[in-house]
Amino acid sequence: MEMLNPPIPNRAIALIDVNNFYVSCERVFNPKLEGKPVVVLSNNDGCAVARSNEVKALGIKMGQPWFQLKDLARKHGIIAYSSNYALYADMSNRVMSILGMFSPEQEIYSIDECFLDLSGFKRLNHTDYGQQIRQRIKQWIGLPVCVGIGSTKTLAKLANHLAKKNPEFNGVCDLNSFSLKRQTDWFQRIDVGEIWGIGRRLAPKLHEIGIKTAWDLKTASPSPLRARFSVVMEKIIREINGTACIELEELHPTRKQILSSRSFGVPVADLPGLEESVSLYINRAAEKLRRQQSIAGVVYVYIRTSPFNPRQRYYANGIAVPLSMQTDNTVPLTKAALWGLRRIYRRGYQYQKAGVILSELTPQQYRQLNLFESTSTTEVDKKSTKMMNIIDQINARMGRGTIRLASEGFKQPWKMKQGNKSPGYTTKWEELVCV
DNA sequence: ATCACGGTTTGCA
DNA sequence: CTAACGTGCAAACCGTGAT
């Protein structure tokens, strides 16, 4: 039977992704790390979240706890960094603003990935264009990126995976330019778990029913799989067949809930310590809340001991504290969170983590008026929003925490571990050392 | 039975 | 020296009480 080539797709979506982002950022400022095995650890120096190729080759998995790797690390001279989010965020901003020059439509998907819509550039060779992107990011920022192109976001992701894993693509893979035969050959070699949205739980389940490769999923019929799994699965199948189900989101979608949580560097047993940390997390969450111009109606606060330590009693609890009036002001949000915290706190436990969630979020302009509220109260409220915005601006310019509530404490002994953090090369003068 | 709800679990990146 | 395991989001799920 004759193999027909697919119809020329009318869309071209590119997914640009920085290789081993955090590790690559460290290497920009410390070129001696080039060619050496390097990992960057998660908050609290907990798990490996970014690995150089040398580290991946040693079989170290994403998210593996660092303490389990100490021996291996010593043996192979692995260099481990604490995560330096100020540096990575700044590098990310630089990369994204350059990438934005390559298309009028950009979705910043994560700290190191973005989609560009190239559909308008019909007369351009997209593979060449991808190479230009790579070259410019390398030259202007010093970071290595790969480019994947396809007719949907899921295909662009898959193309990016191919570009990353197979040197013959030289960092750019455009699935739109593939013949059906070539695409089939590649898809049959890709494990179904590599597809965007198929994670470590779904992949084995699909394997069980005989769907092992990207090709198997592409040619599977959507409706029974939707029944067996979910509507998300059906969308994935349609997407890898070239039907767009996931649109490019240029505006950051406003969140329905905002969470801020952190593990402690050392266990915390006393209430004041927990109060300080909860206070800080509320501050972070409230900053995010105001950035997306929302107000919150419920503050959820939770604490827990370590779930990994079998030698001590486990305790975890949380409470939802409704606010009488929705707000974005740190002061009442903190009050509510601390009130909740005192309700769930039990003495005699070694707490390992605390967190807050802001929910019942609505846009600032739809602020719900209380039945018993006078207009003057809303004026007061508007002023408080204004004041919080000014505080945000000062903190943005002078550094986080320049103005904050005293309830956050000053010594913060529970602060997370960061044993080996690199300097804030691009954001903090005082951390730069001239040699 | 069915629905709305809230809290909990699952899953992904 | 020892002990040590991230975060943020949405969707699915599930039990409950009201209708």
Side-chain angles (χ1 to χ4, degrees), chain A residues 15 17-18 21-22 39-50 60-71 73 80 82-83 85 88-89 108-115 153-154 157 160-161 192-206 226-236 246 249 252-267 281 284-285 287-289 291-292 294 297-298 300-302 304-312 314 316-322 344 350 352-361 416-419:
Chain A
L15 187 270
D17 182 321
V18 183
F21 181 54
Y22 297 170
V39 294
V40 174
L41 305 177
S42 64
N43 275 342
N44 226 7
D45 293 344
C47 304
V49 288
I60 290 173
K61 294 276 174 286
M62 177 71 175
Q64 216 170 332
W66 174 236
F67 75 91
Q68 291 175 1
L69 301 170
K70 283 276 174 68
D71 288 339
S82 307
S83 36
Y85 286 107
Y88 311 146
I108 297 170
Y109 176 69
S110 73
I111 194 163
D112 75 323
E113 289 170 70
C114 89
F115 292 99
K153 285 166 78 171
T154 307
K157 271 264 188 190
N160 186 280
H161 171 76
V192 73
E194 301 295 344
I195 295 169
W196 192 29
I198 310 285
R200 66 193 152 86
R201 301 307 265 262
L202 251 26
K205 285 185 192 165
L206 286 170
R226 174 187 180 148
R228 167 79 176 73
F229 296 96
S230 74
V231 63
V232 177
M233 182 66 76
E234 181 177 4
K235 283 186 180 174
I236 292 172
I246 309 171
E249 315 241 7
H252 275 272
T254 53
R255 300 285 171 220
K256 293 169 186 159
Q257 55 175 359
I258 290 170
L259 179 145
S260 175
S261 71
R262 216 116 311 183
S263 304
F264 303 132
V266 290
Y281 305 156
R284 291 284 165 275
E287 280 169 8
K288 289 192 215 170
L289 183 71
R291 200 173 318 134
Q292 72 164 33
S294 297
V298 171
Y300 184 86
V301 54
Y302 70 90
R304 68 163 167 76
T305 61
S306 169
F308 301 105
N309 189 340
R311 300 152 55 98
Q312 64 181 26
Y314 180 70
N317 204 353
I319 186 173
V321 185
I344 56 174
Q350 296 288 314
Q352 183 249 0
K353 182 175 188 170
V356 301
I357 301 171
L358 305 181
S359 55
E360 306 267 287
L361 307 191
M416 67 184 176
K417 279 181 271 190
Q418 289 193 313

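Just so it is clear: chains get the letters A, B, ... in the order the sequence lines come, proteins before strands, and each one is counted from 1. None of these values were measured; they are calculated from a predicted model.
Residues S110(A) and D112(A) bring a donor and an acceptor atom of their side chains to less than 3.5 Å of each other.
Salt bridge E360(A)/K256(A): absent, no basic N to carboxylate O contact under 4.0 Å.
Residue R201(A) has a polar side-chain atom (N or O) positioned under 4.0 Å from OP1 or OP2 of dG11(B).
A cation-pi geometry, defined here as NZ or CZ lying under 6.0 Å from the six-membered ring centre and within 45° of its normal, holds between K153(A) and F115(A).
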Intermediate values then yes/no, side chain to side chain donor-acceptor pair (under 3.5 Å), D45(A) and S82(A): CA-CA 6 Å; D45(A) 293 344; S82(A) 307; 2.9 Å; yes
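Counting non-hydrogen atoms under 4.0 angstrom, L202(A) reaches the backbone sugars and phosphates but no base. Residue contacts for Q352(A): at a heavy-atom cut-off of 4.0 Å it reaches the sugar-phosphate backbone alone, with no base atom in range. Among the atoms of the strands shown, only primed sugar atoms or phosphate atoms (P, OP1, OP2) are found under 4.0 Å from some heavy atom of I198(A). Contacts of G197(A) with the nucleic acid, taken as non-hydrogen atoms under 4.0 Å apart, involve only primed sugar atoms and P, OP1 or OP2. W196(A) comes within 4.0 angstrom of the backbone, heavy atoms only, and of no base. At a threshold of 4.0 angstrom between heavy atoms, the contacts of K205(A) are confined to the sugar-phosphate backbone, with no base atom among them. Using a 4.0 Å heavy-atom cutoff across all strands shown, N309(A) reaches sugar-phosphate atoms only and no base atom. Using a 4.0 Å heavy-atom cutoff across all strands shown, V49(A) reaches no nucleic acid atom at all.
Separation of the C1' atoms belonging to dC12(B) and dG6(C) is 14 Å when rounded to the nearest angstrom.
Nearer to the 5' terminus of DNA chain C, by closest-nucleotide assignment, is the contact made by K70(A) (compared with the other of S263(A) and K70(A)). The residue among W66(A) and K288(A) whose nearest nucleotide of DNA chain C is located toward the 5' end is W66(A).
Here L41(A) contributes atom CG and C47(A) contributes atom SG; the two are 8.5 Å apart, rounded to the nearest 0.5 Å. Of the inter-residue distances, the one linking R255(A) atom CZ with L361(A) atom CG reads 11.0 Å to the nearest 0.5 angstrom. Atom CD1 of I198(A) is separated from atom CZ of F229(A) by 8.0 Å, given to the nearest 0.5 angstrom. A distance of 12.5 Å separates CD of Q64(A) from OG of S42(A), quoted to the nearest 0.5 Å. Distance check, rounded to the nearest 0.5 Å: NZ of K353(A) to CZ of R262(A) gives 9.0 Å. Going from atom CD1 of I258(A) over to atom CD of E287(A) covers 11.0 Å, rounded to the nearest 0.5 Å.
Spacing between atom CG of N317(A) and atom C1' of dG7(B) amounts to 12 Å, rounded to whole angstrom units. The interatomic distance linking Y300(A) (OH) with dG7(B) (P) rounds to 8 Å, in whole Å. In this structure, E113(A) atom CD and dC12(B) atom P are separated by 16 Å, rounded to whole Å. The nearest whole Å value for the distance from the CD1 atom in I319(A) to the P atom in dG6(B) is 15 Å. dG7(B) atom P lies 16 Å from atom OH of Y302(A), rounded to whole Å. A straight line from CG of L15(A) to C1' of dA13(B) spans 12 Å, rounded to a whole angstrom. The nearest whole Å value for the distance from the NE2 atom in H161(A) to the C1' atom in dA13(B) is 15 Å.
Looking only at side-chain heavy atoms (C-beta outward), H252(A) and Q292(A) stay at 4.5 Å or farther from each other.
DNA chain C contains the following stems of three or more consecutive Watson-Crick or G-U pairs, with both distances under 3.5 Å: B:1-13 with C:7-19.
The outermost nucleotides of DNA chain C lying under 4.0 Å from heavy atoms of chain A, listed 5' to 3', are dA4(C) to dA12(C).
The heavy-atom pair separating Y281(A) from S261(A) by the smallest distance is CD1-CA, 4.4 Å.
Under a 3.5 Å cut-off, the side chain of S230(A) and the backbone N or O of V232(A) do form a donor-acceptor pair.
At a non-hydrogen distance threshold of 4.0 Å, R255(A), K256(A), Q257(A), I258(A), L259(A), S260(A), S261(A), R262(A) from residues 254-262 of chain A come into contact with DNA chain C.
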